[in-house]
Amino acid sequence: MSTLKEAIAQGKPMRELTMAQAVREALAEEMRRDPTVFVMGEDVAEAGTPFKVLLGLVDEFGTSRVIDTPISEPGFAAIGVGAAMTGMRPVIDIMFGDFLTLTMDQMVNQAAKARYMSGGKFSVPIVFRTTMGATRRSAAQHSQSLHVWPSHVPGLKVVMPCTPYDAKGLLKTAIRDNNPVVYFEDKMNFTTKGMVPDEEYTIPFGVADIKRAGTDITLVATSSMVYVALGAADKLKELGISAEVIDPRTTFPLDKQTMIDSAKKTSRAIVIDEGYERYGVTAELASIIADGAFYYLDAPVKRMGAMDVPIPFSPALEDLTVPTAETVFQMAKMLCGRA
Amino acid sequence: MATNVIMPALGVAQETGKLLQWMKSEGEAVKKGEILMVVETDKTTVEIEADASGILSNVTLGVGQEVPVGQVIALILAPGEAARPRQAALPTGRGEIEATERGKSEPSATGVAASPLARRIAEENNVDLSLVKPAGEKIEKADVLAYLESLKQRSNARLAPASPKARVAAGEHDIDVATIKGSGIEGAVIYGDILSAVAARAPRQAAPPAGRGEAASPTGSADDTETVKVGTIWRIMAERTTQSWTSVPHFYLTREVNAGRLMTWRERAQKRSPAKITYTDLIVRLAAAALLQHPRVNARWQDGAVHLNHDVNIGLAVAIEDGLVVPVIHQAQSLSIVEIAARRAEVVGRAQAGKLKPADIAGGTFTISNLGMYGVDSFNAIVNPPQAAILAVGRIVQRVTPVDDRPAVQHMMTLTLSCDHRAVDGARGAQFLQALAEMIEEPLGLLD
């Protein structure tokens, strides 16, 4: 049951959770299951993070496993890498994805390389849990989506769920993975509700989820952009255009085939991602689709990402920098010759 | 040393071949073994490989034209060989056209004279005069210039905006994307435009590709039928069955046989074969043996005489998405059952993949069509010209039959032999069918 649709089809008992609750549940289950799992970061214990995702976790596991750190991402990221190399399974909380810039050496040069360079003597089962996404009025240093940075580096796996179901199943897989995983949650999705099975489950990496089936155009969307794409698909439906929405869920490992097959079927594709458009995730995915489905395409593969600017604090301006259901709708209409 | 490119003969009775597409253009480098052209025969379309490496030159055959097999239609010049000045005519396999020198007004391949100026412009531009259509009796300068302009138009197809999907479809339907108004972004031709163009295209001969914007408008009143566009394979099937049905006097012989031994045989053969053995394989084996005994059924009627074939080359009717194709198991009389199964798997696989080679469909002397897997009890097949007969095989099914005055349940199968009465008469057909039936009921001696 790698997708919610499968779980529903199998008639699993379920309840509705927010994405924050699903993430907390995944952490708690893994911490109960494996005593080497611990959480470390800024404001993770009593505060339960500024997004209240970890609220209550410290009550069950105590401050020795839910560890508040000083404001020093380079320091506690390095502690995490060392802990992972010596047998622990740390979940390092990087409050804003923008702060990943401070952990680049620990992540890129140490965590991603240690297993290879030690000839397999060390593995680094670490999870960097962090956030992405704009439109929270958090200004230029707290609103970026930098998931393409780790996606670029061999040795790192990158996960970006958008539903409570995906968030829980993928986080459990991330914690159990023996390699470094960078796990992104969109800040705007913490209160998003969705069904989650009562029973335990995990979701394998590298399996895309078709969030909505369609026949006329493929919308490949990541993280919160999945909701943007679904909104566009609703509008397109009014015009009689049937859009298929595909959520890769992990940028590495990447499920290329599902995207290519869909584009072959529909002959048109747009890739939507909240990272900066230039040199971004959209570029990689669009290239894969153009390459794999070239002789089946009726239109160029289009990319829609964040505008090429520092993200403004002004709400009126900020909202213009990221794709919306309306802009995706307009682009899709144009590709389908209906503009 | 230039190599002649000829219209190949791909079938026993094939008279002419039609060029569907040049995969290389004049002046382009060709490597031996590369696909040079696509040719339509009376059976199917095939891709023809280049026999030599060099520069494609002196192309005299245009797309859609049909010429006798054996005719030279182009040259491949050896690397380094200078493009030869356009001779009036190329030697043809059948020697119908003779090149003669007649000074300043020598005839071109079409037998039409050209003015010296026209000839010079043609040579400077590497134009084959035989492809130029004169407005008057003689090819003039203006004719050559008009031809050059049309070439330019043709190469514009490459530059016309069109989606990759549309280009693939245009190639399949032999449509020039430059002649279509695109409805895509920036006027690009998209897949749907090709479909509309195909639908609007008048019957093949009626209009040359230049004709566009036919009266039938897509918004016009539609009747209550849906038109299914067919590919070349389907069209050939339609033409060939019509030809057979309207010109071959058919008669049919039907016989029920006990398939019990056949089933046992298949099980035993299967145990010794790594590849899957089908009933069709067994029937090919038995039919080949029966045909050896009855050569009049392994024959064809041609030019007022019955021609007996030495080899038993058994064609298998294979349904593919595009229609019906008949790949051939050659010299089936000398193949073991395992060899037949291997060959059958190979050619049927290629048929289904649309990758049949010319040799796969050439030279059939008898055809078997088995619809047993579709639950058909029996049927009458249409003879596959120029062959004398075709065997229609029904399903194996349990029937109550009298054995020694008592009802018994047995596995039975119905065979129907369709014959060309010009090559086979009723008695000869019946004798063959009897021999085959006996072999099926008692396949001793063939159990290899």
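Each chain gets a letter, A, B and so on, in the order the sequences are listed, and its residues count up from 1. What you are looking at is a predicted structure, and each value in this text was computed from that prediction instead of being measured.
Note that OG of B/Ser163 and OH of A/Tyr296 are 13.0 Å apart. Values are rounded to the nearest 0.5 Å. The distance from atom CD1 of B/Ile185 to atom CZ of A/Arg268, rounded to the nearest 0.5 Å, is 8.0 Å.
Of the residues considered (A/Cys336, A/Ser267, A/Ala293, A/Ala299), A/Ser267 shows the highest number of contacts with chain B, using heavy-atom pairs under 4.5 Å.
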**Message:** I'd like to know whether A/Asp298 forms a side-chain contact (heavy atoms from CB on, under 4.5 Å) with B/Lys165, so could you lay out the CA-CA distance, the side-chain angles of the two residues, the decisive distance to 0.1 Å, and finally the verdict.
**Reply:** CA-CA 6 Å; A/Asp298 246 346; B/Lys165 191 174 186 180; 4.0 Å; yes
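Few gaps surround NZ on A/Lys5; more than 12 heavy atoms of other groups in view lie less than 6.0 Å from it. The 12-atom threshold is not exceeded at CZ of A/Phe252, counting heavy atoms of other residues, nucleotides or ligands nearer than 6.0 Å. Atom CD of A/Gln10 sits in a crowded spot, with more than 12 heavy atoms from other residues, nucleotides or ligands closer than 6.0 Å. Within 6.0 Å of CD on B/Glu47 lie no more than 12 heavy atoms contributed by other residues, nucleotides or ligands.
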